[in-house]
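Here is the structure we will look at.
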Amino acid sequence: MSRQTPTFQETADAYLNNTQLRENLGHATHTIRDKRADIVGEMPDWEHLREAGNKLKKRVMRHLDSYLLQLEASVQEAGGHVHWARDAEEANDIITGLVKQQQVDEVVKVKSITTDEIKLNEALKKEGIQALETDLAELIVQLAEDEPSHILVPAIHKNRKEIRDLFREKLNNKELTDRPEDLAEAARLYLRKKFLSAKVGISGANFGVADTGTIAVVESEGNGRMCTTLPETLITVMGIEKLIPTWQDFEVFMQLLPRSSTAERMNPYNSFWTGVTPGDGPQEFHLVLLDNGRTNVLADEVGRQTLNCIRCSACLNVCPVYERTGGHAYHSVYPGPIGAILTPQLKGIEDDGAASLPYASSLCGACYEVCPVKIDIPKVLVHLRGKIVDEKKRNGSLKAKLDPEHVGLKLMAQAFKNSKRYERAQKLAQTGQNIFVKDGKISSLPGYLSGWSAMRDLKPIPKETFREWWRNRNE
Amino acid sequence: MRISLFITCFNDTLFPETGKAMVRLLERLGHTVDFPFEQTCCGQMHYNTGYQEEAIPLVRKFIDVFGDAEYIVAPSASCVAMIHEFYPKVAERSGDAQLAKEVEEIIPKVYELSQFLVDELGIEDVGAYYPHKVTFHPTCHSIRMLHVGDAPLKLLRKVKGLELEELPGALECCGFGGTFAVKNADTSMAMLSDKMKNIESTGAKACTSIDNSCLMHIGGGLSRKGSDTKAVHLAEILASTEENQ
């Protein structure tokens, strides 16, 4: 892979310095975090539900091959068409081909991160087709020619005033105030016309049921219901991991998802459709099943649990790193803790940006605690770090191998193998530090360690180690 | 009771006072402390940074040094969590079934100090005296990996003269995270500044915890700020008496 994305470290700094952004995010994440804790707290069997969600998803991953074929057969039987896409390019070709068959130059879209992952809107645009985002936050992001920064709340980084200014300009509504009701009304009036004239709708999928062929989308605004019922043709893009085995499994996931994501007992709009129904809703339905790296994730025994994700974004809202840097620092449509494990697995760790993500965590474990399907994100982060270092040892450039962290950890590993060598290293550090000690503390360190001392003092290493004290005491 | 002290490389080198306090405390409670000299490092820094192959000899070393011990106690929740959570993984990686078996056997014998006192020995009042306002930062690894619960708080509540102030946002990470504090220094500092704000809002003279790594980070930030609040390991508070402060 030649196209490298910037690393998390490089990008985070700019966002950390944006105090408005940090205020917006801090406020928003803490609000959702508290609401989630309350609504989850109502459930006496929450831990059992998490366990059930985890087990169901594990079963899906174990038998993904047969469940996918079952889904294909169920959808076809219900009058739908199924397409298989190995990667983004294949998926985009299939979808643009289907849209062109309908001879339209505009489609309406339900919020879908999977379509962001494959950059569908760009692909459609190249063919002269305008994809209109109909979720309020996605619309904001699209009008601002920006990128989403949160899985569930894509415009979380924008405040009301910024949105008002955007709508005044792009929706040609000069008198608009920044009241949430007015902003929503402006979007509603703009979108309503589009819904009524659209011939093709495009959606993602929260779930696809193998035994019935049913696709489910949950949402809050009703735009999804419009997109999936009004157009004559509906195209759904679904990652192959979004499967659940049976209709009954909704019992578990329809409790886990809304409580974890929007902190609601139930989503305002829950749309389910199975193939086509004559005289009711779209008369042509296409399901595009997308791999795009997912089978590689499946092949990794530890990393595989990443595919359990139901995109609730609870992990983003509790993450102390995400809260400070925001989603854009992750350079991926999947930000936050889940993004830090999903992106490097989908993109591959040869990409510098992707390989920096597993290190964008203090391993505090708050994400694992809230995950409704019990993805042990810290464990996967550490596992991926291991793969990155193994890769560096095998194929790393000389520069990577001379990197002070690499050299330092290699040397320390040697010292720790033997207590005599370790004691000599302790003595070396005691003497070596002298040039940095000033007024009884170390306030400035060079190179790799300068990040530490920029805002933190370091106590010098004491003259006597514990083991020396012990030795002297017992002599 | 014979207790083998796993001092951890970090405390041995940077915070010997914590080790001395632990020895004073355990001896005061009538136990015999043993310090095997061959011990070095648990391997956490290497493992968590991705140098997992390098952790294998350190796990073997830990088993060689402490294999025969009855109780192994350390003043660091994260090093103990490394042993409990990741030693089996390291053993698995090594492909050595004997090592895996030995790891499985040693894990139940390894304790963090507060956990050992409260859960194993059943003591909450260790006879300590510390006439200061103190706030407690529960470290992430102690809460979410090792599950020490409120053992440290139980001990602190019984310290004579100590005024315990609740820390707002206590469960939020301080931003240390091992090499994270250096690799992503600015993000780490953004997390620390909120933690320090909360610590200072309590008016405490000391912020205590059961890991000197988080405390070095918190204390380093407080020192740079010129704050009056100090970072002090729980062992040092518990070792303090009216005679010996």
Side-chain angles (χ1 to χ4, degrees), chain A residues 8-9 12-13 16 22 320-321 324-325 358-366 368-369 378-379 382 384-390 392-393 405 409-410 412-413 415-419 422 426 429 441 443 448-459 461-462 464-471, chain B residues 7 9 11-20 23 35 37-41 43 45-55 57-58 61 85-86 140-141 143-145 171-192 216-217 219-221 223-224:
Chain A
F8 183 84
Q9 293 90 314
D13 296 3
L16 288 164
R22 260 171 80 183
V321 173
R324 269 87 184 183
T325 64
Y359 292 94
S361 165
S362 65
L363 303 177
C364 85
Y368 177 39
E369 212 169 43
K379 211 161 254 178
V382 171
L384 294 174
R385 291 178 183 187
K387 287 182 101 167
I388 290 161
V389 171
D390 288 346
K392 180 150 104 179
K393 286 181 193 162
E405 179 184 280
L409 283 167
K410 290 291 253 183
M412 280 164 97
F416 286 143
K417 275 191 203 164
N418 173 299
S419 63
Y422 159 71
Q426 284 181 317
K441 56 190 177 204
S443 301
Y448 176 67
L449 296 171
S450 61
W452 176 277
S453 58
M455 290 171 86
R456 284 163 291 210
D457 290 334
L458 200 59
K459 255 190 355 197
I461 304 172
E464 189 186 50
T465 62
F466 173 81
R467 61 179 60 226
E468 287 173 319
W469 172 79
W470 181 272
R471 199 176 276 135
Chain B
I7 183 69
C9 63
N11 287 308
D12 182 15
T13 313
L14 294 165
F15 295 91
E17 292 309 318
T18 299
K20 294 179 206 172
V23 174
F35 178 76
F37 266 98
E38 288 302 309
Q39 62 177 283
T40 59
C41 167
M45 182 173 53
H46 285 92
Y47 192 80
N48 280 354
T49 311
Y51 291 77
Q52 293 166 359
E53 205 60 32
E54 282 75 2
L58 302 182
K61 181 155 195 63
E85 285 280 316
F86 288 119
C140 302
H141 286 182
I143 294 293
R144 302 195 186 93
M145 271 174 93
L171 291 172
E172 281 173 41
C173 178
C174 69
F176 174 65
T179 43
F180 172 76
V182 179
K183 273 173 122 63
N184 283 289
D186 291 327
T187 310
S188 165
M189 273 312 303
M191 289 155 75
L192 177 60
M216 179 175 81
H217 164 74
S223 161
R224 179 62 58 89

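All chains are named by letter (A, B, ...) in the order of the sequence lines, taking the proteins before the strands, and each is independently numbered beginning at 1.
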Practice item. Specify which of B/Lys61, B/Glu38, B/Lys183 makes the most heavy-atom pairs with chain A at under 4.5 Å. Key: B/Lys183
Exercise for review: Examine whether an atom of A/Glu369 lies under 4.5 Å from a heavy atom of chain B, and if so say whether it belongs to the side chain, the backbone or both; otherwise answer neither.
Suggested key: side chain
Exercise for review: Heavy atoms only, distances under 4.5 angstrom: which of B/Glu85, B/Met216, B/Glu53, B/Met45 has the most pairs with chain A? Name it, please.
Suggested key: B/Met216
Check your understanding: Does the salt bridge (Lys or Arg N to Asp or Glu O under 4.0 Å) test come out yes or no for B/Glu17 and B/Lys20, once each step is laid out?
Key -> CA-CA 5 Å; B/Glu17 292 309 318; B/Lys20 294 179 206 172; 2.9 Å; yes
Check your understanding: When you check the side-chain N and O atoms of A/Arg456 and B/Ser188, is any donor under 3.5 Å from an acceptor?
Key -> yes
Revision key, fill the gap. Under 4.5 Å to a heavy atom of chain B? For A/Tyr422 that would be side chain
Study note, to complete from the structure: From the list B/Thr187, B/Asp12, B/Leu14, B/Asn48, the residue making the most non-hydrogen contacts under 4.5 Å with chain A is B/Asp12
Point to revise | Residue part contacting chain A, namely of B/Tyr47, when any heavy atom lies under 4.5 Å | key: both
Check your understanding: If you take all heavy atoms of B/Gly43 and B/Leu58, which pair is closest and at what distance?
Key -> CA-CD1, 3.7 Å
Check your understanding: Should A/Trp469 and B/Val23 be marked as a side-chain contact (heavy atoms from CB on, under 4.5 Å) after you check the CA-CA gap, both sets of side-chain angles, and the distance that decides it?
Key -> CA-CA 11 Å; A/Trp469 172 79; B/Val23 174; 4.2 Å; yes
**Study point:** Side chain / backbone / both / neither for A/Leu458 at chain B, heavy atoms under 4.5 Å
**Key:** side chain
Practice item. Answer whether the closest heavy-atom distance between the side chains of A/Pro378 and B/Arg144 falls below 4.5 Å. Key: no
Exercise for review: Check whether any side-chain heavy atom of B/Cys9 lies under 4.5 Å from a side-chain heavy atom of B/Thr40, and answer yes or no.
Suggested key: no
Check your understanding: So how far is it from B/Asn184 CG to A/Tyr359 OH, rounded to the nearest 0.5 Å?
Key -> 11.0 Å
**Study point:** B/Leu171 portion near chain A, given a 4.5 angstrom heavy-atom threshold
**Key:** neither
Study note, to complete from the structure: With chain B, the option among A/Leu409, A/Ile461, A/Thr465, A/Val382 that has the most non-hydrogen atom pairs under 4.5 Å is A/Leu409
**Study point:** Side-chain heavy-atom pair A/Asp13, A/Leu16 within 4.5 angstrom cut-off
**Key:** yes
Exercise for review: Heavy-atom pairs under 4.5 Å with chain B are the metric here; pick the option from A/Lys387, A/Lys410, A/Lys441, A/Arg471 that has the most.
Suggested key: A/Arg471
Check your understanding: Under a 4.5 Å heavy-atom cutoff, which of B/Gly219, B/Gly178, B/Pro57 has the most pairs with chain A?
Key -> B/Pro57
Review point. In terms of ring plane angle, is the pair B/Tyr51 and B/His46 parallel, tilted or perpendicular, where the classes change at 30° and 60°?
Key: perpendicular
Check your understanding: Does any heavy atom of chain B fall under 4.5 Å from the side chain of A/Glu468, the backbone, both, or neither of them?
Key -> neither
Revision key, fill the gap. For A/Arg324, the salt bridge (Lys or Arg N to Asp or Glu O under 4.0 Å) test, sequence neighbours excluded, returns B/Asp194
Check your understanding: Relative to the ring of B/Phe176, is the ring of A/Trp452 parallel (under 30°), tilted (30 to 60°) or perpendicular (over 60°)?
Key -> perpendicular
**Study point:** Contact winner vs chain A - B/Gln39, B/Met191, B/Met145, heavy-atom pairs under 4.5 Å
**Key:** B/Met191
Review point. Does any heavy atom of chain B fall under 4.5 Å from the side chain of A/Ala454, the backbone, both, or neither of them?
Key: backbone
Review point. B/Cys174 versus chain A, heavy atoms under 4.5 Å apart: side chain, backbone, both or neither?
Key: neither
**Study point:** Region of A/Ala12 in contact with chain B, defined by heavy-atom distances below 4.5 Å
**Key:** side chain
Point to revise | Heavy-atom proximity to chain B below 4.5 Å, by part of A/Ser450 | key: neither
Exercise for review: Select one option (side chain, backbone, both, neither) describing which atoms of A/Tyr368 are under 4.5 Å from chain B's heavy atoms.
Suggested key: neither
